[in-house]
Enquirer: 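Quick one: structure below, then a few questions.
Just so we're on the same page: letters track the sequence lines, and every chain starts at 1.
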Amino acid sequence: MLQVKVIREEKQRIINGLRKRGWSAAQIKIIDQIIGLDEQRRNTQKDMDDSLAEGNKLAKSIGQMMAQGQKAEAEALKIEVAALKTKSKMMEEQLNTLKAQLDELLYSVPNIPHKSVPKGKTPEENKVAKDWKKPFPALADTALPHWDLAKQYNLFDFELGVKLTGSGFPVYRGKGARLQRALIQFFLDEAGKAGYEEIAPPLLVNEDTARGTGQLPDKEAQMYKCDLDNLYLIPTAEVPVTNILRDEIVPAKDLPVKMTAYTPCFRREAGAWGAHVRGLNRVHQFDKIEIVQIEHPDRSYKTLQGMIRHVEKLMNKLELPYRILLLCGGDMGFASAKTYDFEVWSGAQKRWLEVSSVSCFETFQSNRMKVRFRDENGKIELVHTLNGSALALARIVAALLENNQTPEGIRIPKVLWKYTGFKMID
RNA sequence: GGAGAGGUGGCAGAGUGGUUUAAUGCACCUGAUUCGAAAUCAGACGUACCUGCGAGGGUACCGGGGGUUCGAAUCCCUCCCUCUCCGCCA
């Protein structure tokens with residue numbers, strides 16, 4: 001969520017940013033509402049504080065009168081204080097209402113795109129930041145999509161998943177299961193080498209945590225919920241990992257904080273089914289290795305580039321054709337200031353699949369979560385948060401299987417051999 | 001799940017209705033001393049919001065929420081959490 005102070009002081013920049021996201025003039029009116037409400041809030045706060053201050057002062061003098069035995073005077077003052085109390089109570093209620101209204105409006109304003117983010121509303125307006133220059137893998141006309149390969153080699157089973165759970169919960173088996181584990185291990189090892197601390201977080205989180213990264217209140221329908229205990233299954237490791245620093249003040253010398261985590265991710269994907277969602281392209285449960293950085297505002301965009309290079313390295317080592325998109329204002333996630341998407345070429349489906357999304361959120365998340373750092377002068381400021389998938393498994397597996405199919409079987413990239421223990425699926 | 005104890009600043013720990021602007025110790029920071037350090041001495045040492053050009057002033061916060069009272073860390077209600085023992089269990 002944006003800081004009210006920033007909206008107040010840099011109104012024009014905020015409005016320009018919302019335009020870049022494709023907001024209409026009517027929608028942008030919310031900014032004036034916010035500024036108006038904030039002014040009311042501040043005035044009410046002042047009045048309440050004044051009234052409380054007077055009450056405190058009187059209460060203290062009552063204490064002194066009692067001590068000196070001036071009972072009558074004390075009684076008179078009590079009546080006065082009672083009136084003040086009613087007044088400040090009323091103002092407190094007003095203040096709470098104003099705060100709630102203000103928060104509701106603030107929750108509905110997305111992050112402001114970085115100046116380098118292209119204007120646009122739809123995915124078609126995303127900019128290709130880095131294209132795939134080499135030829136795509138040469139596949140025979142008889143090349144199979146991954147869901148058929150999975151059947152042929154018994155790698156994973158959707159029907160069985162339906163029996164156990166429901167659609168979108170694949171059961172991996174044999175070499176398919178082993179390949180999953182190999183990729184997880186490989187990605188974690190690479191992140192570790194790059195200086196990320198490995199975290200194994202809980203897969204269920206409480207309400208505060210879900211609110212911290214912005215899953216609540218808006219995206220509640222995207223998460224699975226355990227009603228009995230009021231816990232949510234995480235849609236991404238970003239949720240528990242970023243929340244580790246919620247309400248903390250980090251010394252500047254500790255920045256950046258680099259963390260990585262492997263977790264299964266659970267997504268209801270309500271209403272997201274349609275074309276192109278066969279096989280592993282979209283599932284309710286998938287494995288992902290997430291990288292997270294908590295960084296000094298001066299360095300965050302440099303850090304973003306570093307994270308991009310990390311993901312690129314993974315794609316190269318896995319010998320997968322990929323391209324990088326710089327998302328336009330309208331296609332970016334709500335909380336992001338700048339996002340790069342990685343897409344992998346899926347040889348048999350002949351289409352790009354999104355496998356990673358690397359973003360800088362500036363202070364949008366840290367403001368809500370109150371993650372701050374103390375700079376050299378002792379001043380407290382919000383940190384910038386960044387995260388990215390490095391990488392998401394299901395679609396990587398889809399591309400690996402499709403691109404590497406040969407008449408003899410499916411070739412495993414060399415870098416995975418030591419993890420899989422086999423070089424071919426046949 | 002049962003019984004008991006408890007939640008106070010970065011940490012430890014006092015405080016059971018009124019100069020508590022939360023004692024004290026440790027840690028951290030600054031200064032003195034020192035060639036330098038240790039030790040010692042002195043000082044500073046929370047967060048958020050409001051207000052002021054600023055120095056500063058105000059308000060709230062002792063697990064969360066509510067209540068009693070002129071006045072609550074302190075009394076009452078409620079929820080959450082932690083610890084110990086017992087039970088169950090990978």
Enquirer: Suppose you measure atom P in B:A60 against the same atom in B:C80; what distance do you get, rounded to whole Å?
Expert: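 Roughly 29 Å separates the two P atoms.
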Enquirer: Expressed as a whole number of Å, how far does the P atom of B:A22 sit from that of B:G46?
Expert: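 These two P atoms come out 11 Å apart once rounded.
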Enquirer: Just the endpoints, please: which first and last nucleotides of RNA chain B, 5' to 3', lie under 4.0 Å from a heavy atom of chain A?
Expert: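 Counting from the 5' end, contacts occupy B:G18 to B:G71.
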Enquirer: In chain order, what residues pass the side-chain hydrogen bond (donor to acceptor under 3.5 Å, both in side chains) check against A:Y322, with sequence neighbours excluded?
Expert: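 Partners of A:Y322 by the side-chain hydrogen bond (donor to acceptor under 3.5 Å, both in side chains) criterion, ordered by chain and then number, come out as A:E312.
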Enquirer: Counting only Watson-Crick pairs (N1-N3 plus N6-O4 or O6-N4) and G-U wobbles (N1-O2, O6-N3), all under 3.5 Å, who is the partner of B:G52?
Expert: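 Partner of B:G52: none.
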Enquirer: Answer with base, sugar-phosphate or nothing: what part of the nucleic acid does A:K85 contact at a heavy-atom distance below 4.0 Å?
Expert: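 Base: the residue A:K85, judged by heavy atoms under 4.0 Å, touches a nucleobase.
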Enquirer: With sugar-phosphate meaning primed atoms plus P, OP1 and OP2, does A:A82 contact a base, only sugar-phosphate, or nothing at under 4.0 Å between heavy atoms?
Expert: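 Contact class for A:A82: none.
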Enquirer: With ring pair (Phe, Tyr, Trp, His ring centres under 6.0 Å) as the rule and sequence neighbours excluded, what pairs involving residues 15-43 of chain A come up?
Expert: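 Counting only pairs at least two positions apart or across chains, no ring pair (Phe, Tyr, Trp, His ring centres under 6.0 Å) contact touches residues 15-43 of chain A.
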Enquirer: When the C1' atoms of B:U74 and B:U69 are compared, how many Å lie between them, rounded to an integer?
Expert: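 B:U69 and B:U74 have their C1' atoms separated by 13 Å.
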Enquirer: When the nearest nucleotide of RNA chain B is assigned to A:R372 and to A:K46 on a heavy-atom basis, which residue is associated with the more 5' position?
Expert: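 The 5'-side residue here is A:R372.
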Enquirer: Is A:L58 touching bases, backbone alone, or none of the nucleic acid, heavy atoms closer than 4.0 Å?
Expert: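 No contact.
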Enquirer: With sugar-phosphate meaning primed atoms plus P, OP1 and OP2, does A:N56 contact a base, only sugar-phosphate, or nothing at under 4.0 Å between heavy atoms?
Expert: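 Sugar-phosphate, backbone atoms only, no base.
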Enquirer: Touch check for A:K253, heavy atoms < 4.0 angstrom, all strands: base, sugar-phosphate only, or nothing?
Expert: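 Nothing, no nucleic acid heavy atom in range.
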Enquirer: What does B:G6 pair with, Watson-Crick or G-U, if both distances are under 3.5 Å?
Expert: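 Pairing partner: B:C81.
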Enquirer: Less than 3.5 Å apart, which donor and acceptor atoms pair up between the side chains of residues 150-166 of chain A and the rest of the protein, not counting sequence neighbours?
Expert:
from	atom 1	to	atom 2	distance (Å)
A:D157	OD1	A:E159	N	3.0
A:D157	OD1	A:L160	N	2.9

Enquirer: Holding to side-chain hydrogen bond (donor to acceptor under 3.5 Å, both in side chains), I want the full list of residues that pass it with A:N404, two or more places apart in sequence or in another chain.
Expert: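 A:N404 satisfies side-chain hydrogen bond (donor to acceptor under 3.5 Å, both in side chains) with A:R411 once adjacent residues are dropped.
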Enquirer: Considering every strand shown, what is the Watson-Crick or G-U wobble mate of B:G1 when both distances are under 3.5 Å?
Expert: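 B:C86 - that is the nucleotide pairing with B:G1, both distances being under 3.5 Å.
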Enquirer: Between A:I380 and A:G55, which residue's closest nucleotide on RNA chain B lies nearer the 5′ terminus?
Expert: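 On the 5' side of the pair lies A:I380.
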Enquirer: Please give the distance between the P atoms of B:A72 and B:G52 as a whole number of Å.
Expert: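 Each nucleotide's P atom is 29 Å from the other's.
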Enquirer: Restricting to pairs with a member in residues 179-190 of chain A, which pass salt bridge (charged side-chain N to carboxylate O under 4.0 Å, His left out), not counting sequence neighbours?
Expert: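 Every salt bridge (charged side-chain N to carboxylate O under 4.0 Å, His left out) pair that includes a residue of residues 179-190 of chain A, provided the two are not neighbours, is A:E190-A:K193, A:E190-A:K317.
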Enquirer: Between A:H384 and A:F361 (judged by ring centroids, cut-off 6.0 Å), do the two rings come close enough to count as a pair?
Expert: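 No, the ring centres sit 6.0 Å or more apart.
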Enquirer: Using the C1' atom on both, measure B:G4 against B:A73 and round to a whole Å.
Expert: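 My reading of the C1' atoms in B:G4 and B:A73 gives 24 Å.
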Enquirer: Quick check: A:H284 with A:F266 (ring centres under 6.0 Å apart)?
Expert: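 No, ring centres 6.0 Å or more apart.
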Enquirer: So what's B:G18 paired with, Watson-Crick or G-U wobble, going by both distances under 3.5 Å?
Expert: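 With both distances under 3.5 Å, B:G18 matches B:C70.
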Enquirer: Give none if B:G43 has no partner; otherwise give the nucleotide forming a Watson-Crick or G-U wobble pair with it, both distances under 3.5 Å.
Expert: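 The answer is B:C29, by the H-bond criterion.
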